[in-house]
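Below: the structure, in structure tokens.
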2 protein chains.
Amino acid sequence: MADSNVVLLDFWPSSYGMRVKIALAEKGISYECKQEDLEAKSSLLLEMNPVHKMIPVLIHNAKPICESLNIVQYIDEAWKHKSSLLPSDPYKRSQARFWGDYIDKNVYNAVKRVWSGKGKEQEEWKKELIECLKRLEDELGDKAYFGGEEFGYVDVALVPFTSWFYTVETFGKLSIEDECPTLVAWAKRCMQKETVASSLPHPEQIYAFALQYKHRHGLQ
Amino acid sequence: MADSNVVLLDFWPSSYGMRVKIALAEKGISYECKQEDLEAKSSLLLEMNPVHKMIPVLIHNAKPICESLNIVQYIDEAWKHKSSLLPSDPYKRSQARFWGDYIDKNVYNAVKRVWSGKGKEQEEWKKELIECLKRLEDELGDKAYFGGEEFGYVDVALVPFTSWFYTVETFGKLSIEDECPTLVAWAKRCMQKETVASSLPHPEQIYAFALQYKHRHGLQ
């Protein structure tokens with residue numbers, strides 16, 4: 001049974017929404033998930049996130065929390081009993097937040113511009129994306145997860161974007177695995193976790209969504 | 001005596017650097033402040049913040065923490081003994097982080113574009129800045145500080161930008177006090193705190209800096 005006190009306003013292809021689903025799954029929280037039509041946003045979404053009017057929004061006991069990494073931190077702090085996502089050490093926490101912020105500032109735009117772009121601009125964005133992923137790969141190093149042995153905050157922040165890799169590779173004509181084998185191995189490791197696998201759509205669903213999006217926006 | 005274990009890499013007109021100074025002052029932490037020349041960055045800055053190569057950087061026990069609101073959270077967590085900047089309640093924490101993020105995404109750009117812009121574009125940016133400040137004023141409401149009775153995280157995030165208001169008003173030919181009287185009253189209230197007043201440069205120093213910047217970049 002879903003806990004009626006926890007509602008997620010979501011749009012399934014959104015990597016930001018996936019982050020929240022993974023965090024909720026890690027904590028074992030049941031919830032009601034409402035899909036939004038972003039071209040006809042619900043009055044609930046507009047009421048719950050009047051500033052940005054964007055998903056995801058987590059509604060807990062009728063109170064909204066917005067912005068995906070803020071929601072992930074909220075989940076970590078409100079349900080402390082299980083699976084800490086952020087480490088307890090202040091320095092390690094600051095490093096996790098730094099990389100979460102780095103992902104927010106760089107990965108979404110680079111991913112979107114590669115799959116939706118074309119020509120010379122697309123080539124430039126491919127370079128930017130690979131540079132960004134290689135930097136993250138460097139940060140991962142030989143650790144199992146970004147925080148060390150345990151799956152945590154930075155993994156939650158990044159792994160949803162890997163469900164877009166097939167789309168990026170197909171439209172961008174590149175192999176992320178050739179460029180960043182360690183990062184792709186990490187993504188596969190994350191996908192072995194039920195909490196991740198159950199929160200990410202199949203890469204081909206994402207591809208079908210992207211194809212339709214490009215048709216609709218004249219980006220073919 | 002400055003604590004040699006705490007070093008701040010700073011550039012004095014930066015609102016982001018001011019945030020860190022206020023947080024350190026709130027906690028009563030002595031530190032060494034090193035001014036950076038952003039046109040000839042020190043090897044220490046490049047080593048401590050290889051990703052963004054930007055100030056502020058807090059170096060604590062030889063380990064760097066980057067990105068101003070991340071540093072403020074680190075300071076709050078590493079020196080827990082005094083003056084909590086973030087509330088302890090998870091929901092209130094999430095709201096404070098939301099508004100800190102809102103300020104990061106909106107205020108710097110709007111402020112800079114008003115004082116450095118001109119013509120029709122400047123007029124548009126003036127509208128955007130006032131809209132953004134009015135939204136923050138709404139959030140403040142009739143509270144003494146953003147978090148309630150106590151000075152805290154959102155105040156630390158926003159108040160440094162008020163040292164730029166004189167510059168914005170002079171170059172932009174507007175009165176922020178006429179538009180947002182409650183917000184300006186809040187700024188004056190914050191400035192009565194020694195921890196804030198001692199961390200912000202005089203508005204005329206900022207104006208002189210901006211004037212010189214505009215000359216140097218042909219923005220007259």
Side-chain angles (χ1 to χ4, degrees), chain A residues 5-6 16 20 23 27 48-54 56-81 85-106 131-132 134-136 138-139 153-154, chain B residues 5-6 16 20 23 27 48-54 56-81 85-106 131-132 134-136 138-139 153-154:
Chain A
N5 289 328
V6 184
Y16 300 124
V20 179
K27 296 284 184 172
M48 291 289 139
N49 189 358
V51 175
H52 301 305
K53 304 175 179 68
M54 289 301 295
V57 179
L58 187 75
I59 308 173
H60 184 204
N61 293 328
K63 291 189 293 186
I65 303 105
C66 303
E67 299 289 89
S68 65
L69 288 184
N70 189 32
I71 300 172
V72 171
Q73 288 181 77
Y74 172 77
I75 291 169
D76 203 31
E77 293 176 347
W79 288 275
K80 276 186 179 293
H81 65 290
L85 296 171
L86 276 159
S88 56
D89 172 70
Y91 185 74
K92 287 182 184 162
R93 289 168 76 83
S94 76
Q95 299 311 292
R97 288 197 185 109
F98 175 85
W99 287 107
D101 182 66
Y102 177 84
I103 293 162
D104 263 9
K105 285 179 177 154
N106 293 281
E131 198 178 302
C132 165
K134 278 186 191 288
R135 199 182 272 281
L136 288 162
D138 279 351
E139 171 58 20
Y153 182 78
V154 181
Chain B
N5 288 329
V6 183
Y16 300 124
V20 179
K27 296 282 185 175
M48 291 289 139
N49 190 357
V51 175
H52 301 305
K53 305 176 179 70
M54 288 302 294
V57 179
L58 188 74
I59 309 172
H60 185 203
N61 295 327
K63 291 190 292 187
I65 303 104
C66 302
E67 299 289 87
S68 64
L69 289 183
N70 190 32
I71 299 173
V72 170
Q73 288 181 79
Y74 172 77
I75 290 169
D76 203 32
E77 293 176 347
W79 287 275
K80 276 187 179 292
H81 65 289
L85 297 171
L86 277 160
S88 56
D89 173 70
Y91 185 73
K92 288 183 184 163
R93 289 168 76 83
S94 76
Q95 299 312 293
R97 286 196 186 109
F98 174 85
W99 287 108
D101 182 66
Y102 177 83
I103 293 164
D104 263 8
K105 284 178 177 154
N106 293 281
E131 199 178 300
C132 165
K134 279 185 191 291
R135 199 180 272 282
L136 288 162
D138 280 353
E139 171 58 20
Y153 182 77
V154 182

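Quick note on labels: first sequence line is chain A, next is B, and so on, each numbered from 1.
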Counting only pairs under 3.5 Å, give me each side-chain donor-acceptor contact of residues 59-69 of chain B, with atom names and distances, residues two or more places apart or in other chains.
from: B/His60; atom 1: ND1; to: B/Tyr74; atom 2: OH; distance (Å): 2.7
from: B/Glu67; atom 1: OE2; to: A/Lys105; atom 2: NZ; distance (Å): 2.5
from: B/Ser68; atom 1: OG; to: B/Arg19; atom 2: NH1; distance (Å): 2.8

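To the nearest 0.5 Å, the span separating CG on B/Asn70 from CD on A/Gln95 amounts to 7.5 Å. Between the CZ atom in B/Phe98 and the CG atom in A/Asn49 there is a gap of 5.5 Å [rounded to 0.5 Å].
Here the shortest heavy-atom pairing between B/Glu77 and A/Pro90 reads O-CG, 3.8 Å.
By the neighbour-count criterion of 12 heavy atoms within 6.0 Å, atom NZ of B/Lys27 is densely surrounded, having more than that number from other residues, nucleotides or ligands.
Across A/Gln73, A/His52, A/Lys80, the residue that shares the most heavy-atom pairs under 4.5 angstrom with chain B is A/Gln73.
Take B/Glu131 and apply the side chain to side chain contact (heavy atoms under 4.5 Å, CB included) test, not counting sequence neighbours, and it matches no residue.
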